[in-house]
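Data first, discussion second: the structure below is written as structure tokens.
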Amino acid sequence: MTDRLLQSLTDAQREAVETVDGPLLILAGPGSGKTRVVTHRVAHMLNSGIAGRNILALTFTNKAADEMKNRVEQLAPGSHVWMGTFHSFCARLLRMHGHLVGLAENFTIFDTQDSKRALKSVLAQEEIYLTHTSPEAIVDEISWAKSALLNPEEYEPRRSSRFTPVGEITKRVYKLYQDYLIKNNAADFDDLLLHIATLLRDNHELRETLDERYRYIMVDEYQDTNVAQYMIVRALSINNPNLSVTGDPDQSIYSWRGATISNILEFEKDYPNTKVVKLEQNYRSTKRILRVADALIANNTKRKHKYLFTENPEGDQVRLVQFSDGRSEADAIVEQIQSLVGQGKASYKDFSVFYRTNVLSRPVESALRSHQIPYQIVRGLEFFQRKEVKDIVAYLQLLNNPNNNVALERVINTPTRGIGKKSIEHLVGHAHRYDLTMLEACRECGLIESLSKRAAASVSKFVTILDILATQIHEPLGHLVKEVVDNTGYLEYVQLQDEKADEDREANVHELISAAEEFQREFPDDGLDEFLETVSLTSDTDDIDADPDRVTLMTLHAAKGLEYPRVFIIGVEQGLLPHERSRDDDRAYEEERRLLFVGITRAEESLQLSYTARRMTRGTFRPAIASPFLLELPREEMDVHMPTPASAWDASGFEPNEFFHDDVPDDEAWLQDSVDAEFEEVDVKAKPAVPDVAEQLASMVRPAASMATGSTKQEKLAQIPQLSEGIVVLHAEYGTGVIKQMSGKDEKLTISVEFGVDEKFSKRFRWVFAPLMIVRSE
DNA sequence: CAACACGCTTTTTTT
DNA sequence: AAGCGTGTTG
């Protein structure tokens with residue numbers, strides 16, 4: 001068996017598979033058979049007598065985990081290897097050991113939306129009104145801190161947020177937010193990692209037990225691990241440093257989520273006797289596709305050169321096409337697919353379409369639908385994120401964890417039952433005053449004087465519904481979900497909405513019931529805890545209606561680790577790829593390039609990149625400009641299709657067929673022109689060197705990251721000389737104001753600031769502590 | 001005091 | 001599409 005396993009592998013691959021003990025770093029270029037190596041390695045370990053329960057394989061996405069599970073199952077059926085995402089692994093550990101950090105077994109996992117609501121509750125409680133930043137920005141900042149393993153005490157604003165109110169506010173609310181989560185018996189995504197990392201650091205006994213239990217650990221996509229993930233892996237590999245990681249620095253695309261590429265670059269330093277295996281031969285793509293990818297990525301400066309080669313055929317040129325707009329782009333692609341499938345040269349499952357942002361999928365979707373081509377979309381509008389699904393799930397979460405105030409506030413008036421904003425405010429106030437959960441406060445609604453009789457009656461009815469449902473909590477999941485839908489009258493509520501908005505939310509409710517039934521069939525021993533965990537940590541219901549032969553649509557991020565014979569990458573445009581937000585940041589810019597690199601290297605046989613002349617954004621057409629990355633691609637490998645210059649800007653008389661004539665300019669002037677045009681546009685918009693006050697103030701409405709004032713105590717002290725009466729400052733809550741009065745010195749400096757446009761009001765602050773920054777000094 | 005309709009805005013990427 | 005503020009109706 002083992003021999004057969006090894007036979008099919010190349011020398012380099014076999015070396016990786018056979019290295020079982022000790023640290024192992026597998027540097028795997030795209031298409032180098034990494035998944036093959038990892039799965040064969042697991043099978044090989046099992047064959048050499050290592051128990052499945054001692055092996056842990058961690059991935060980033062559920063897709064990657066499923067893929068691995070399936071392939072290991074084929075090679076070594078019935079093994080008990082724990083394969084899953086970091087987050088699901090940590091969630092399972094936290095079910096067992098959560099009490100050590102204040103979480104009961106039935107804790108709820110808050111998704112991004114829940115986290116935001118939780119933060120809003122905290123802000124409301126603290127009476128913090130954000131005028132110059134957003135809850136999203138604060139949640140993001142907390143998320144960043146958590147993935148860097150900074151607890152509320154250790155947190156200091158990071159570089160980019162230090163000069164905005166975000167840093168100040170985060171410092172103020174991080175701890176409170178965290179306390180709120182614990183009170184709700186809840187953990188956000190980052191907590192799953194943070195709590196486990198903290199536990200492993202502080203609890204030696206637990207660390208040793210788990211280190212011993214998971215003696216062999218494999219981590220996929222190691223270049224995308226953040227500090228928390230790094231610490232977890234490290235903590236589990238001290239007594240048994242049999243850690244193997246795979247990765248490719250050129251495919252690091254998650255730094256925005258806190259991934260630190262140094263984890264992979266310094267792996268050899270962390271683990272002294274590391275064996276390094278390089279997988280360089282590509283088995284996936286044609287020579288041409290690989291050369292295009294290589295030429296592109298060579299433009300990254302912060303990069304080790306890597307040799308990529310393939311023995312695959314030369315293949316066709318990479319197509320580069322300009323379309324007039326997103327619709328013709330979508331239509332043409334769908335027609336290409338239809339035509340190739342019609343000729344019997346390909347089937348639907350060979351095709352996939354990648355894009356930078358989720359919105360770009362919409363025209364492609366509608367084109368596919370109108371041609372009745374089967375397709376699947378990887379997390380576009382995520383099923384479990386839809387309002388109707390989240391509502392039902394919130395009921396389930398509340399039943400499972402009565403401390404979950406976020407869920408309660410979501411469902412207390414959904415369907416509407418006469419409990420409005422004011423009533424909820426009274427309930428929140430009551431809960432806060434007597435330190436109760438929202439549910440407890442609801443039970444006492446008769447005692448709350450401020451609550452109207454009518455509202456109190458509604459609240460009582462709501463509590464009764466919950467109590468009835470609570471008796472069914474151990475029923476089979478499908479039944480339970482149905483009970484929730486029935487008892488709350490949710491279907492009637494949703495039908496009403498469907499009629500008005502011409503939607504089909506009802507279908508989604510039914511799909512959720514099926515999903516619950518399906519889950520129960522697959523995992524008969526699991527209950528509500530596990531179901532809700534799965535719901536929180538997965539985003540699509542892929543395997544429910546699995547028609548295997550369909551076109552796949554996904555973002556470039558989601559595409560990592562996958563491969564398709566025929567790939568389309570749409571919207572390769574300035575502002576999209578590279579994305580607008582990476583414009584001023586070299587490192588982010590290079591990450592955008594890696595993103596395109598990842599996309600290109602997914603293709604086996606054929607690849608088409610496209611951009612448009614104008615693209616619909618937020619309801620209006622804007623001229624689009626070809627991505628500068630396209631200029632970096634080797635012209636001799638490309639097959640360029642573009643319309644005559646005149647028609648590019650004249651959408652009216654434009655037929656899709658016109659795009660495919662062969663009237664291609666010899667030089668790259670057309671592309672260069674678009675790039676120049678962009679530069680001109682930038683120059684026009686560029687801020688004057690010395691902006692006037694009004695303009696400065698206007699730009700403050702959305703504070704830019706580049707504002708040059710400080711906010712640590714040291715920096716605040718250093719700024720004092722700049723202060724004087726009449727100076728304009730920005731307060732995180734109150735906005736801009738003018739310094740009216742100053743007293744005290746240094747740390748004791750107290751200033752009084754007048755805010756407000758029509759209605760003026762003044763506040764006094766100790767300068768070093770105040771969430772204030774200098775807007776304009778003179 | 002609640003419900004609903006309307007317009008405005010918002011969004012990079014994911015667990 | 002969904003959240004938010006605003007205005008109207010009940």
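Within every chain, numbering begins at 1; the chains are lettered A, B, ... in the order of the sequence lines, protein sequences first and strands thereafter. All of these numbers come straight from a predicted model, not from anything done at the bench.
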message: Applying side-chain hydrogen bond (donor to acceptor under 3.5 Å, both in side chains), can you list everything that pairs with H426(A), at least two apart in sequence or on another chain?
response: none
- request: Check every atom of dA3(B), dA2(B), dT15(B) against the side chain of T416(A) and return the nucleotide holding the closest atom.
  value: dA3(B)
field: S423(A) vs L595(A), nearer the 5' end of DNA chain B by closest nucleotide
entry: S423(A)
Nucleotide of dT15(B), dT13(B), dA2(B) approaching F189(A) most closely (side-chain heavy atoms): dT15(B)
query: Counting N and O atoms only, with roles assigned by atom type, does the side chain of E573(A) sit under 3.5 Å from a partner on the main chain of T612(A), one being a donor and the other an acceptor?
result: yes
Salt bridge (Lys or Arg N to Asp or Glu O under 4.0 Å): pairs with one or both residues in residues 586-595 of chain A, sequence neighbours excluded: R356(A)-E592(A), E591(A)-R594(A), R593(A)-E632(A)
query: Within the side chain of N404(A), is there an N or O that forms a donor-acceptor pair under 3.5 Å with the backbone of A407(A)?
result: yes
message: Can you tell me which residue among N401(A), D529(A), N400(A), N185(A) is in a side-chain hydrogen bond (donor to acceptor under 3.5 Å, both in side chains) with N106(A)?
response: N185(A)
- prompt: With nearest nucleotides of DNA chain B determined for G418(A) and D140(A) from heavy-atom distances, which residue corresponds to the more 5′ nucleotide?
  reply: G418(A)
- prompt: Side chain of T61(A): nearest nucleotide among dT15(B), dT11(B), dC1(B)?
  reply: dT15(B)
- prompt: Considering only dA2(B), dT13(B), dT11(B), which nucleotide approaches the side chain of E136(A) most closely?
  reply: dT11(B)
- request: Measure from the ring centre of Y254(A) to the centre of the six-membered ring in the base of dT13(B), then say whether that distance is under 5.5 Å and the planes meet at under 30°.
  value: no
message: What contact category does N413(A) fall into here, base, sugar-phosphate, or nothing, at under 4.0 angstrom with non-hydrogen atoms?
response: sugar-phosphate
field: With sequence neighbours excluded, residues passing side-chain hydrogen bond (donor to acceptor under 3.5 Å, both in side chains) with N151(A)
entry: E154(A)
message: Applying a 4.0 Å non-hydrogen cut-off, can you work out what R594(A) is touching in the nucleic acid: base, sugar-phosphate, or nothing?
response: nothing
Detail all sub-3.5 Å separations between protein N/O atoms and N/O atoms belonging to nucleotides 3-8 of chain C.
unit_1: dC4(C); atom_1: OP1; unit_2: K120(A); atom_2: NZ; d: 2.2

- request: Figure out the CG/C1' separation between D111(A) and dT15(B), and round it to whole Å.
  value: 10 Å
message: Rounded to whole Å, how long is the line connecting atom CG of D190(A) with atom P of dT15(B)?
response: 13 Å
query: Counting just side-chain N and O atoms, does N358(A) come under 4.0 Å of either OP1 or OP2 of dT11(B)?
result: no
- request: Could you check how far CD1 of I569(A) sits from P of dT13(B), rounded to whole Å?
  value: 17 Å
message: Nearest whole Å is fine: how far is dT14(B) P from M554(A) CE?
response: 11 Å
- request: Measure from CZ on F110(A) to C1' on dT15(B) and round the result to the nearest Å.
  value: 16 Å
- line: Across all chains, not counting sequence neighbours, the side-chain hydrogen bond (donor to acceptor under 3.5 Å, both in side chains) partners of S88(A) are T85(A)
query: Who pairs with S458(A) by side-chain hydrogen bond (donor to acceptor under 3.5 Å, both in side chains), at least two apart in sequence or on another chain?
result: none
message: By the 4.0 Å heavy-atom rule, please label T112(A) as base, sugar-phosphate, or nothing.
response: base
statement: Atom CZ of R257(A) and atom P of dT14(B) are separated, to the nearest Å, by 9 Å
Spacing of F86(A) atom CZ relative to dT15(B) atom P, expressed in whole Å: 14 Å
message: Students often get this wrong, so: under 4.0 angstrom with heavy atoms, is S452(A) touching a base, only sugar-phosphate, or nothing?
response: nothing
message: Measure CZ/F354(A) against P/dT14(B) and give the value in whole Å, please.
response: 13 Å
- line: From the candidates dT15(B), dA2(B), dT14(B), the one with an atom nearest any side-chain atom of L537(A) is dT15(B)
message: Can you see if the side chain of T555(A) gets near the phosphate of dT14(B) - specifically, an N or O under 4.0 Å from OP1 or OP2?
response: yes
